Amino acid sequence: MMISLAIALSVLIVGSIVFYAACLWFTRRFFVVPPSIPEVSTEGVSILVPVCGLDEGAWNNWAAFCKQNYDPYEVLFGVVEPTDPAVPVLKKLVDLFPDRARLLTGLLPRGINHKDSTLSYLLESARYEVIIFADSDICVSSDYIQTVTEPLAEPNVGLVTCAFVGHDPQFLGAALASIGRCCDFIPSALIARSIDGRLRFAIGATIATRKSALADFGGLHLDRIGSDYNLGKRAASAGYQVELSHYILESDTGRESIGRLVKRELRWARTIRFNRGWVYYTMAFCYGTVYCLPLLLITGFADWAIGLTFATFTIRYTQAWVAAVNLNCSNLVRWFWVLPLRDVLSFGVWIAGAFGRGVYWRGRKLRIEADGLIRSWD
């Protein structure tokens, strides 16, 4: 029994070493090619930002949307409840940038997915053909619009999306979140991009497209979990190219607790399970560092097990370092002492994500149905 378990753990660890090496390779390959310098465009752009509550650094994040080195453009903020604590702050922002920002409130939900429901209202009010769906908890630089919309100049590109990290987290919860995004999520997305031959999903933090292209691949779906993933999948299926931008968004979760982090990542895990099916379970080969301790205990710290453990941690830390450097997250390296904790946390979330249908989303408990649609939890 113990021998069989030791063999199984060894297979999982070796598979994980291959995974870590692939993460290193594809991350380096993607970022070693310098992105093209965006051509100056004068095509109008509408940034659509659904808001629910006040996130860490909300004012700075929202003001950054209104300080773009681009013209013409507009920023539309949408809120479901007029009593939302974000409304007074957004009204102040609109007063400060009256020629740039507009606020729509009281947007009664048209579906269970309140984010996409709000976006549907903003889409109807947008003045321009080029649109950017942007999360409310990201911070952007002044060249954001120019950079993320530049690939849309190619007629075959229907959608551009961006990854996000916290470049310099100050607290443990934020550091764990950023390490997960920088060292695991983005490299994994690059592997999936290579396996599929092209990107077949989008990341909700930023999605740039055109109204006409959005209509071609079915518009917004207001009752689906992982609608961003699904939007990218439908764009690719419709024959459009989905581009992953080299632009990395800033998203620092501030003083977020580990408990809140787990709830959000559990929602992501179950979203991946329902959207990717059996592929979700191949992620068993992503947690080599977690399997090392039980292997050591089972084998009585045999020399070969110690050697395999050393090799696993060496390639894992090397891969994480390469990711941090290439994503301009050098300040994240000082938090690498929590990398084993990050891996244990990720493993636990993956296990929990393999079961159950409930997710928490902005204070609401929802249930994922077999077809990927979501319902209110009764």
Side-chain angles (χ1 to χ4, degrees), residues 16 19 23 52-53 55-56 113 115 135-138 161-167 169 171-192 201-205 224-230 248-277 279-290 316 320 323-324 327 329 332 335-336 338-368 372 374 377:
S16 298
F19 169 72
C23 286
C52 179
D55 294 306
E56 189 87 14
N113 187 325
K115 175 183 174 181
D135 277 356
S136 62
D137 59 353
I138 60 171
T161 192
C162 299
F164 57 102
V165 298
H167 289 83
F171 303 95
L172 178 61
L176 289 169
S178 186
I179 290 173
R181 295 165 184 174
C182 174
C183 305
D184 297 325
F185 174 73
I186 296 175
S188 296
L190 293 172
I191 292 175
F201 60 89
I203 302 167
R224 177 171 292 279
I225 194 73
S227 56
D228 50 350
Y229 171 92
N230 187 260
I248 304 297
L249 299 162
E250 168 65 27
S251 181
D252 189 335
T253 56
R255 299 175 183 269
E256 178 183 56
S257 68
I258 295 178
R260 185 175 175 183
L261 166 66
V262 168
K263 280 187 177 181
R264 182 178 64 249
E265 294 193 353
L266 182 57
R267 171 169 58 85
W268 290 350
R270 288 176 177 158
T271 298
I272 294 171
R273 182 180 119 218
F274 278 93
N275 278 299
R276 296 288 284 181
V279 174
Y280 179 83
Y281 301 97
T282 65
M283 292 170 64
F285 293 99
C286 299
Y287 310 106
T289 56
V290 178
R316 171 56 166 156
L327 271 68
C329 295
L332 196 59
W335 285 101
F336 273 14
V338 302
L339 188 57
L341 174 60
R342 172 67 263 187
D343 288 348
V344 170
L345 190 66
S346 296
F347 179 72
V349 168
W350 175 72
I351 291 292
F355 306 93
R357 296 175 178 272
V359 295
Y360 288 92
W361 196 358
R362 292 283 182 175
R364 302 162 61 220
K365 189 174 183 181
L366 306 173
R367 176 184 175 86
I368 309 175
I374 48 177
W377 189 276

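In what follows, every heavy atom counts, from backbone to side chain, and hydrogens, waters and symmetry copies are set aside. Computed from a predicted structure; not experimentally measured.
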Worksheet item: Just by modelled atom types, is the Arg260 backbone N or O under 3.5 Å from a matching donor or acceptor in the Ser257 side chain?
Response: yes
Item to complete: Evaluate side-chain contact (heavy atoms from CB on, under 4.5 Å) for Glu256 paired with Phe171, printing each intermediate quantity in order.
Response: CA-CA 8 Å; Glu256 178 183 56; Phe171 303 95; over 6 Å; no
Item to complete: Considering non-hydrogen atoms only, spot the tightest contact between Leu261 and Gly173 and give its length.
Response: CD2-O, 4.0 Å
Practice prompt. Grab the two heavy atoms, one from Glu56 and one from Arg255, that are nearest each other, plus how far apart they are.
Written response: OE1-N, 4.0 Å
Fill in: From Asp343 atom CG to Leu176 atom CG, the distance as rounded to the nearest 0.5 Å
10.5 Å
Discussion item. Looking at every non-hydrogen atom in both residues, tell me the closest pair between Ser188 and Phe19 and how far apart they are.
Written reply: OG-CZ, 3.5 Å
Discussion item. Using only atom types and a distance under 3.5 Å, with no angle test, would you say the side chain of Ser178 pairs donor to acceptor with the backbone of Ala175?
Written reply: no
Discussion item. Donor-acceptor check, side chain of Ser251 to backbone of Gly166, threshold 3.5 angstrom: yes or no?
Written reply: no
Discussion item. Testing the basics here: between His167 and Cys329, what is the closest heavy-atom pair and its distance to 0.1 Å?
Written reply: CD2-SG, 3.6 Å
Practice prompt. Could you tell me whether Arg316 and Asp184 make a salt bridge, using a distance below 4.0 angstrom between a side-chain N and a carboxylate O?
Written response: yes
Item to complete: Let me see the working for Cys162 and Ile203 under side-chain contact (heavy atoms from CB on, under 4.5 Å), right down to the final yes or no.
Response: CA-CA 6 Å; Cys162 299; Ile203 302 167; over 6 Å; no
Worksheet item: With the threshold set at 4.0 Å, does a side-chain nitrogen-carboxylate oxygen contact exist between Glu250 and Arg181?
Response: no
Worksheet item: Any idea which heavy atoms bring Tyr280 and Ala354 closest together, and the distance?
Response: OH-N, 3.5 Å
Worksheet item: Does any donor atom in the side chain of Thr271 or Arg267 lie under 3.5 Å from an acceptor atom in the other side chain?
Response: no
Worksheet item: Is it true that the NZ or CZ of Arg264 lies under 6.0 Å from the centre of Trp268's six-membered ring and within 45 degrees of the ring axis?
Response: yes
Practice prompt. Look only at the side chain of Thr161 and the backbone of Ala202, and say whether a donor-acceptor pair between them is shorter than 3.5 Å.
Written response: no
Item to complete: To the nearest 0.5 Å, tell me how far Trp361 CH2 sits from Asn113 CG.
Response: 3.5 Å
Discussion item. Could you check whether atom OH of Tyr360 has more than 12 heavy atoms from other residues, nucleotides or ligands sitting under 6.0 Å from it?
Written reply: no
Discussion item. Show the nearest heavy-atom pair for residues Ala323 and Pro187, with the distance to one decimal.
Written reply: CB-CG, 4.4 Å
Item to complete: Please confirm whether the backbone N or O of Ile368 pairs with a side-chain atom of Arg270, one donor and one acceptor, at under 3.5 Å?
Response: no
Worksheet item: Less than 4.5 Å apart, any side-chain heavy atom of Leu266 and any of Val359?
Response: no
Discussion item. Parallel, tilted or perpendicular: which one describes the rings of Phe164 and Phe185, with boundaries at 30° and 60°?
Written reply: tilted
Discussion item. For Arg364, I'd like to know if atom CZ has over 12 heavy atoms of other residues, nucleotides or ligands within 6.0 Å.
Written reply: yes
